Amino acid sequence: MAREFQRGHKAKISDLTPGTDLYVGVQIAAPGLTFDISCFGLDAHEQLSDDRYFIFFNQPKSPEESIQLLGAQSGDTESFRVTLDRIPAAIQKLSFTATLDGSGQMSQIGPGYIRIVAGGEEVVRYAFTGSEFTTERAVMLGDFYLKDVWRFAAVGQGFDGGLDALLKNFGGEVAEEEAPPAAAPAAAPGFAPPAQAAAPPAFGAPPAAQAPQPAPSFGAPPAPTPPPAPQQPMHAAPTIAAPLAPPMPQTPQAPSPYGQPHQPQFGQVPGQGAPPASPFGQQAPAPYGQPAPAPYGQQPPVGMPPGVPQGMPQGVPQGAPATGAGLQAALQPYKEAATGQRWTPQNQQLMRVDLTMGGSGVLARQGSMVMYQGKVDFGYKSAGFVGRAVGNATGQEMQLMRCTGRGQVFLAEEGSHLHPIELQGDAICVSAESVLAFDESLQYEVRRVEGHGIPGGALFTMQFQGAGTVIVKTHGTPVVLPVTPTTFADCNAVVAWSAASQVIVSSQVRLRRNAYPGHSGETVNLQFRGAPGNFIVVQPYEV
């Protein structure tokens with residue numbers, strides 16, 4: 001049972017839970033107001049000496065990922081994952097804050113809280129209301145602080161300024177707006193809208209919401225701002241510059257519209273109608289199937305020796321075919337997507353797991369690995385009762401393999417759509433046939449739903465609980481429905497449901513079976529019951 005804290009209460013983390021992998025949830029809201037919820041990693045002097053430990057919407061994790069911003073989930077406005085035993089020794093305190101984005105004051109907020117969840121159970125909660133504040137525009141909610149051991153304190157202290165003033169209070173610096181021509185430093189986070197790559201994709205969301213953003217084209221500059229020199233070298237060897245011919249008068253040309261560079265049409269011989277040079281720093285990608293202009297820093301100068309096709313990068317042998325640019329444009333949409341997360345969808349049917357993150361192995365169906373990089377060990381994982389139970393239901397034992405090591409593994413199975421479901425203390429039931437892989441850190445057990453008419457005599461599901469990710473596979477794009485007193489689903493079409501739902505086998509359509517001899521019809525359904533907030537997930541497919 002969770003301990004209720006009041007303002008000023010403190011406790012050792014070890015007295016609350018033996019775990020060090022914690023979920024921190026914050027709930028704060030007010031009509032018409034927007035909040036920025038952040039975490040400041042402070043040193044022994046309670047100063048932000050390393051701005052990489054200022055975790056907010058534009059910097060969602062620390063370098064070693066001991067502090068991660070997870071986004072809104074499980075009824076929380078914002079949530080974090082904190083791994084105490086991975087926090088560097090220089091960080092002595094974590095301060096969780098909420099600030100107003102825009103006009104308003106903290107006295108307008110409704111009932112809110114900050115809570116800690118460990119091992120799937122809420123261990124402490126500090127609740128607050130707007131009546132505790134007046135004109136403040138920020139509030140320090142709670143602190144993790146190191147005093148011999150890690151402890152937690154319910155703070156609830158108001159602060160007059162907003163996020164900028166709070167950042168300066170902790171010794172940080174607010175990034176100023178820079179002029180467009182100046183080169184922006186890559187490591188300085190700005191107050192831009194957050195990149196949602198850190199948040200797990202919602203289960204059952206449209207495919208476009210889960211598809212990773214295309215990687216930048218090969219050899220393109222890292223940012224559209226025109227730096228004085230390329231930020232990254234194109235090759236390991238220095239670029240070979242062709243001898244310059246005497247300057248020839250040229251008429252400046254306007255930049256081409258995006259996606260429509262002036263270059264030979266499809267089917268023309270390279271070198272006929274050489275495209276004009278794009279404006280500095282504004283190179284646009286070529287349409288599919290057409291040669292792309294040379295990357296930044298490799299534009300063929302006027303007077304290039306004959307025989308070198310226009311658009312070919314310098315340093316490439318002249319006898320090489322002029323198909324490099326076209327290949328780059330064609331392959332660009334299919335490049336590997338690396339978001340810095342443990343699980344990353346590459347497309348709707350392919351999932352990438354980075355074993356160097358998370359500190360635990362992955363259990364996956366045997367045969368689901370399509371490729372891996374790095375040093376990865378694949379071991380047989382005895383399915384035990386789980387495999388035997390699923391084998392009785394489906395006629396095929398669920399054989400698992402254990403993936404460990406340091407590398408990346410790509411998983412898929414028969415072109416099924418894959419959906420990563422990240423659990424932070426909550427639980428979900430998934431049909432055993434719909435499970436592709438999951439983190440070994442999750443707790444799982446087999447549940448049996450018995451009923452006449454179900455293939456094999458029963459439906460076996462796996463209930464997952466804890467902190468980790470489950471990869472669920474479906475035939476097509478599923479739909480998520482709320483559980484009502486009259487919610488029924490075909491046992492072969494249902495994929496998953498909330499663990500708190502009650503499942504009952506129902507046989508209500510015997511007339512169809514009798515009216516059409518030899519036709520099974522829809523004789524067996526599963527009825528779901530539960531309180532508001534429960535759900536089921538159904539795929540557009542049945543056996």
Side-chain angles (χ1 to χ4, degrees), residues 10-14 16 19-26 28 35-71 76-99 114-118 124 126 138-157 159 161-175 185-192 194-195 197-199 340-342 357-359 424 467:
K10 303 176 182 179
K12 296 179 180 179
I13 296 296
S14 58
L16 301 174
T20 59
D21 193 358
L22 307 177
Y23 171 92
V24 180
V26 175
I28 185 170
F35 296 86
D36 295 328
I37 302 173
S38 313
C39 176
F40 291 84
L42 309 177
D43 58 20
H45 303 288
E46 298 191 0
Q47 294 294 298
L48 185 67
S49 55
D50 189 342
D51 59 4
R52 297 177 301 170
Y53 290 88
F54 173 35
I55 309 304
F56 68 119
F57 54 82
N58 208 35
Q59 186 167 259
K61 60 184 177 179
S62 59
E64 73 294 325
E65 300 185 355
S66 61
I67 314 167
Q68 301 180 47
L69 186 70
L70 303 178
D76 299 329
T77 309
E78 189 60 88
S79 60
F80 300 82
R81 183 177 184 178
V82 177
T83 310
L84 294 177
D85 53 3
R86 296 179 59 186
I87 296 177
I91 304 301
Q92 302 282 303
K93 185 176 184 179
L94 303 180
S95 180
F96 294 90
T97 66
T99 58
I114 179 172
R115 63 172 181 158
I116 301 175
V117 178
V124 66
Y126 162 52
V139 59
M140 302 175 189
L141 300 173
D143 294 341
F144 286 96
Y145 63 100
L146 187 61
K147 186 178 180 182
D148 299 327
V149 294
W150 282 103
R151 306 165 187 258
F152 175 73
V155 180
Q157 177 183 345
F159 193 85
L163 182 59
D164 291 0
L166 195 60
L167 181 61
K168 293 178 181 178
N169 176 69
F170 287 128
E173 296 181 0
V174 180
F191 292 96
Q341 301 298 308
R342 178 171 169 87
M357 304 170 58
Q424 288 293 340

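Throughout, residue positions are numbered sequentially from 1 according to the sequence presented. Computed from a predicted structure; not experimentally measured.
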### Task
Start with the C-alpha gap between Phe152 and Ile116, add the side-chain angles, then the distance that decides, and say whether side chain to side chain contact (heavy atoms under 4.5 Å, CB included) holds.
CA-CA 10 Å; Phe152 175 73; Ile116 301 175; 3.8 Å; yes

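- With Glu46 contributing its side chain and Asp43 its backbone, the two residues share no donor-acceptor pair below 3.5 Å.
- The side-chain contact (heavy atoms from CB on, under 4.5 Å) check on Asp21 picks up Arg81, Thr83, with sequence neighbours excluded.
- Evaluation of the ring-ring contact (aromatic ring centres under 6.0 Å, His included) rule for Phe80 yields Phe96 as partners, not counting sequence neighbours.
- In this model, no donor atom of one side chain and acceptor atom of the other lie less than 3.5 Å apart for Ser49 and Gln47.
- The closest donor-acceptor contact from the side chain of Gln424 to the backbone of Ala467 lies at 3.5 Å or more, if one exists at all.
- The two residues Ser62 and Ile55 have their closest heavy-atom pair at N-CD1, 3.5 Å.
- Side-chain contact between Trp150 and Ile87: present, with at least one pair of heavy atoms (C-beta onward) separated by less than 4.5 Å.
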Exercise answer: donor-acceptor pairs, residues 138-146 side-chain atoms, under 3.5 Å, sequence neighbours excluded:
unit_1, atom_1, unit_2, atom_2, d
Asp143, OD1, Ser95, OG, 3.2
Asp143, OD2, Lys93, NZ, 3.3

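- Looking at heavy atoms from C-beta onward, Asp76 lies out of side-chain contact with Leu70 at the 4.5 angstrom threshold.
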### Query
Run the side chain to side chain contact (heavy atoms under 4.5 Å, CB included) check on Val24 and Leu94 step by step: do they pass?
CA-CA 11 Å; Val24 180; Leu94 303 180; over 6 Å; no

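- Ionic pairing of Lys12 and Asp148 is not present here: no N-O contact between side-chain nitrogen and carboxylate oxygen is shorter than 4.0 angstrom.
- Contact of the Tyr53 side chain with the Pro63 side chain is registered, since non-hydrogen atoms from C-beta on lie closer than 4.5 Å.
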